[in-house]
Amino acid sequence: MSKQKRTAIEPTREQNYAEWYQQVIKAADLAENSEVRGCMVIKPWGYAIWENIQRALDERFYESGHRNAYFPIFIPKSFFEKEAEHVEGFAKECAVVTHSRLEDNGEGGLKVAGELTEPLIVRPTSETIIGASFAKWVNSYRDLPLLINQWANIVRWEMRTRLFLRTTEFLWQEGHTVHENYEDAMLETRKMLDVYANFAAEYLALPVIKGEKTDSERFPGAVNTYCIEAMMQDKKALQSGTSHFLGQNFAKASEIKFQNREGEMEYAWTTSWGVSTRLIGALIMAHSDDNGLALPPKIAPSHLAIIPIYRDEEEKKEVLKYCKRITDLFVKDYFEDVRVYTELDDRDLTSSERNWYWIKKGIPLRIEIGPRDIASEAVMVARRDKEPRDKQSVPISELHSFVHKSLREIQDAYYQRALEFRKANTIKIDDKAEFYRFFTPQNQNQPEIHGGFAHSHWCQDPACEEQIKNDLKVTIRCIPFEQEEEEGHCICCGKAAKTRVIFAKSY
RNA sequence: CGGGAUGUAGCGCAGUCCGGUUAGCGCGCUCGGUUCGGGACCGAGAAGUCGGAGGUUCAAAUCCUCUCAUCCCGACCA
């Protein structure tokens with residue numbers, strides 16, 4: 001059949017986006033569903049991406065004065081109850097530990113025993129348990145600001161899960177800070193959102209929109225929730241990170257008080273902010289294509305796949321010797337702040353099979369090395385951002401600089417492509433009928449990829465937000481920071497409105 | 001938790017309506033040979049509690065009852 005048109009991933013994005021996403025993960029061997037409902041196993045290639053995310057973010061947190069610490073996975077129920085909105089927001093998705101022991105049930109099985117006097121909640125987020133520590137640590141304005149970060153796992157008992165995007169247990173980072181006043185806390189909240197946005201752009205090659213959540217989407221217990229929103233290739237929005245200004249709400253709940261410069265006792269101002277393994281989902285859906293994963297070099301676990309090509313043992317020996325010269329060029333080599341790693345793939349498979357294997361894994365560069373290259377003192381280099389058969393010969397003498405130049409170009413190309421995709425699918429809409437048309441698929445039974453980001457006016461009435469959500473499954477992703485004041489009419493009710501918000505379908 | 005569907009080899013499926021030798025097919029896996037810079041080909045082979053329990057029957061993957069699990073659509077969400 002027409003081999004030229006065969007894609008490594010089936011179905012394609014166009015055919016069935018949700019299934020395509022699953023297949024990309026499988027083909028790249030990033031993760032798999034575990035035996036435990038809703039929980040995933042993150043495999044080495046996927047976990048390495050997470051470690052790279054950690055490394056880059058951790059450095060930024062440290063540079064901005066934050067220090068890592070670790071708090072318990074269990075939160076006593078009573079702690080959780082202290083902040084009313086907070087409880088309400090998370091109550092429906094908590095895993096609760098009620099017993100401490102297993103006993104023989106007399107039928108070859110086990111029964112739970114040892115009921116706890118107070119149930120423990122497996123943290124869905126740590127504001128309350130960390131608050132309890134902070135209450136002890138903060139006594140004076142001289143103790144502030146207190147800047148703490150925790151890398152941890154979290155459990156939220158979601159109904160429907162999808163690898164990386166929404167799993168019952170997930171990995172994340174949660175920053176928790178305490179400040180003397182409103183301004184400092186607000187500054188911190190916004191600063192960390194910038195850290196996230198810059199990280200997303202520079203490392204994940206992911207352009208994001210910074211903005212504020214509406215009341216209905218706000219973190220339970222927060223005063224303001226800020227977020228970064230990214231557009232996936234199915235034109236849906238993915239919330240990729242959040243930063244919360246908590247005001248004095250949690251300080252009051254946890255009794256975080258300090259003696260201020262005037263000698264009076266005062267409740268502190270706190271913030272919290274986080275990103276999770278969901279970022280890997282964002283990464284996948286932003287850049288991957290119908291041939292599988294595509295990784296920006298600054299976040300890729302490995303950068304060069306070296307594929308030796310030979311016919312017999314004798315040729316193999318010679319080619320491998322030549323390969324050693326190539327790998328030696330990149331020993332302890334750095335692409336900007338990222339360590340360059342190479343993968344020598346001399347498995348007993350055909351060269352094309354090995355080639356496609358690395359294409360599906362998203363490795364930025366593939367280097368084919370065979371007898372012809374030895375003769376010409378060169379190698380064949382292929383880039384993941386170009387067509388699979390698009391290869392070029394590069395002399396060994398230029399290979400190191402060529403690789404570095406290419407890595408930079410690939411990183412930029414992914415960012416540009418994602419940015420252009422978002423631009424092409426973002427429009428201003430002022431007419432209600434057009435708005436409804438924009439978010440309605442042609443084929444209701446099997447909705448095609450449609451919609452995008454709609455910048456439209458909103459009157460701030462939650463009823464309008466609710467109406468749109470019910471009619472179209474479209475929500476306000478955020479009220480973007482960057483926009484010019486422009487009088488208009490609410491896209492739903494038509495009343496006068498001053499700001500445009502971003503409407504989109506979302507994950 | 002409501003509506004729909006599916007459980008058969010590692011993966012993807014056929015067979016079930018209409019019960020009948022040894023439960024098939026594709027991919028993958030193992031071995032041998034030929035290949036090898038666009039996902040190789042030929043030959044041989046291994047691999048299955050037909051989700052589980054109970055029932056009907058001379059006979060059950062197939063019919064009946066119960067049960068468990070998964071997926072999709074809703075409500076919920078980093």
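Here is the naming used below: chain letters follow the sequence lines, and residue numbers restart at 1 for every chain.
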side-chain N/O Ser352(A) vs rA40(B) OP1/OP2, d < 4.0 Å: yes
Any base atoms under 4.0 Å from Leu165(A), or only sugar-phosphate, or nothing? Heavy atoms, all strands. base
To the nearest Å, how far apart are Leu349(A) CG and rC29(B) C1'? 13 Å
Using a cut-off of less than 4.0 Å, is there contact between a side-chain N or O of Thr350(A) and OP1 or OP2 of rA40(B)? yes
For the P atoms, the ones on rU62(B) and on rG20(B), what distance do you get once it is rounded to whole angstrom? 10 Å
For Trp356(A) and rA40(B), give me the distance from atom CH2 to atom C1', rounded to whole Å. 15 Å
Pair Glu465(A)-Thr214(A), side chain to side chain donor-acceptor pair (under 3.5 Å): steps then yes or no: CA-CA 9 Å; Glu465(A) 193 181 7; Thr214(A) 63; 2.5 Å; yes
Here's one to test your reading of the geometry: is the NZ or CZ of Lys82(A) within 45 degrees of the ring axis of Phe79(A) and under 6.0 Å from its centre? yes
Value rounded to 0.5 Å, distance of OG1 in Thr128(A) from CZ in Arg123(A): 11.0 Å
Return the value, rounded to whole Å, for the distance between atom CG of Leu283(A) and atom P of rA78(B). 21 Å
Give a yes/no answer on whether the side chain of Lys473(A) brings an N or O atom under 4.0 Å of OP1 or OP2 in rG74(B). yes
Leu399(A) side, atom CG; Glu377(A) side, atom CD - distance, nearest 0.5 Å: 11.5 Å
Take atom P in rC64(B) and the same atom in rA5(B), then report the distance between them in whole Å. 15 Å
Whole Å only: how far is the CD atom of Glu32(A) from the P atom of rC11(B)? 11 Å
For Ser351(A), which contact category applies under a 4.0 Å heavy-atom criterion: base, sugar-phosphate, or nothing? sugar-phosphate
Judged by nearest nucleotide, the residue sitting upstream toward the 5' end of RNA chain B, Phe170(A) or Tyr310(A), is Tyr310(A)
For Lys213(A), which contact category applies under a 4.0 Å heavy-atom criterion: base, sugar-phosphate, or nothing? nothing
Expressed as a whole number of angstroms, how long is the span from Gln23(A):CD to rC11(B):P? 13 Å
Note: contacts of residues 12-22 of chain A with RNA chain B (heavy atom, under 4.0 Å) are none
Using the closest heavy atom to pick a nucleotide of RNA chain B for each, name whichever of Ser506(A) or Met380(A) lands nearer the 5' end. Met380(A)
In what stems does RNA chain B take part, counting only runs of at least 3 consecutive Watson-Crick or G-U pairs whose two distances fall under 3.5 Å? B:1-7 with B:68-74, B:10-13 with B:24-27, B:29-34 with B:40-45, B:51-55 with B:63-67
Taking the C1' atom in each of rG28(B) and rG39(B), what is the distance between them to the nearest angstrom? 14 Å
The nucleotide from rG37(B), rA78(B), rG39(B) with an atom nearest the side chain of Lys360(A) is rG39(B)
Using atom C1' in both nucleotides, what's the gap between rG48(B) and rA61(B) to the nearest angstrom? 12 Å
Name the nucleic acid region contacted by Asn33(A), choosing base, sugar-phosphate or nothing; use a 4.0 angstrom heavy-atom cut-off, strictly under. nothing
Over 60° means perpendicular and under 30° means parallel, so tell me whether Trp358(A) and Trp45(A) are parallel, tilted or perpendicular. perpendicular
Between rU67(B) and rC13(B), how far is it from one C1' atom to the other, in whole Å? 26 Å
Are side-chain N/O atoms of Trp151(A) and Asp58(A) paired as donor and acceptor at under 3.5 Å? yes
Whole-Å C1' distance, rG51(B) and rA60(B): 16 Å
Can you classify the ring geometry of Phe219(A) versus His244(A) as parallel (below 30°), tilted (30 to 60°) or perpendicular (above 60°)? parallel
With Glu188(A), which of Met192(A), Met186(A), Arg190(A) fulfils side chain to side chain contact (heavy atoms under 4.5 Å, CB included)? Met192(A)
By the 4.0 Å heavy-atom rule, please label Pro388(A) as base, sugar-phosphate, or nothing. nothing
To the nearest angstrom, the NZ-P distance between Lys469(A) and rA75(B) comes to 7 Å
d(CD, Glu353(A); P, rG28(B)) in whole Å: 8 Å
Can you check whether any acceptor in the base of rG39(B) is under 3.5 Å from a donor in the side chain of Asn355(A), or vice versa? no
For Trp20(A) and Tyr17(A), take the angle between the two ring planes, folded into 0 to 90°, and tell me which bin it lands in: parallel under 30, tilted 30 to 60, perpendicular over 60. tilted
Are any of the side-chain nitrogens in Lys26(A) or Glu32(A) under 4.0 Å away from the carboxylate oxygens of its partner? no
Rounded to whole angstrom, note down the C1' distance from rC25(B) over to rA9(B). 12 Å
Using 30° and 60° as the class limits, which term best fits the ring planes of His287(A) and Tyr414(A): parallel, tilted or perpendicular? parallel
Can you tell me how far P in rC68(B) sits from the matching atom in rC11(B), rounded to whole Å? 23 Å
Tell me what Gly274(A) touches on the nucleic acid: a base, only sugar-phosphate, or nothing, going by heavy atoms under 4.0 Å. nothing
Gln239(A) near the nucleic acid: base, sugar-phosphate alone, or nothing, with a heavy-atom cut-off under 4.0 Å? sugar-phosphate
Check this for me: does any side-chain nitrogen of one of Glu229(A) and Lys213(A) sit under 4.0 Å from a carboxylate oxygen of the other? yes
Just the rounded figure in Å: distance from P of rC11(B) to CG of Asp29(A). 15 Å
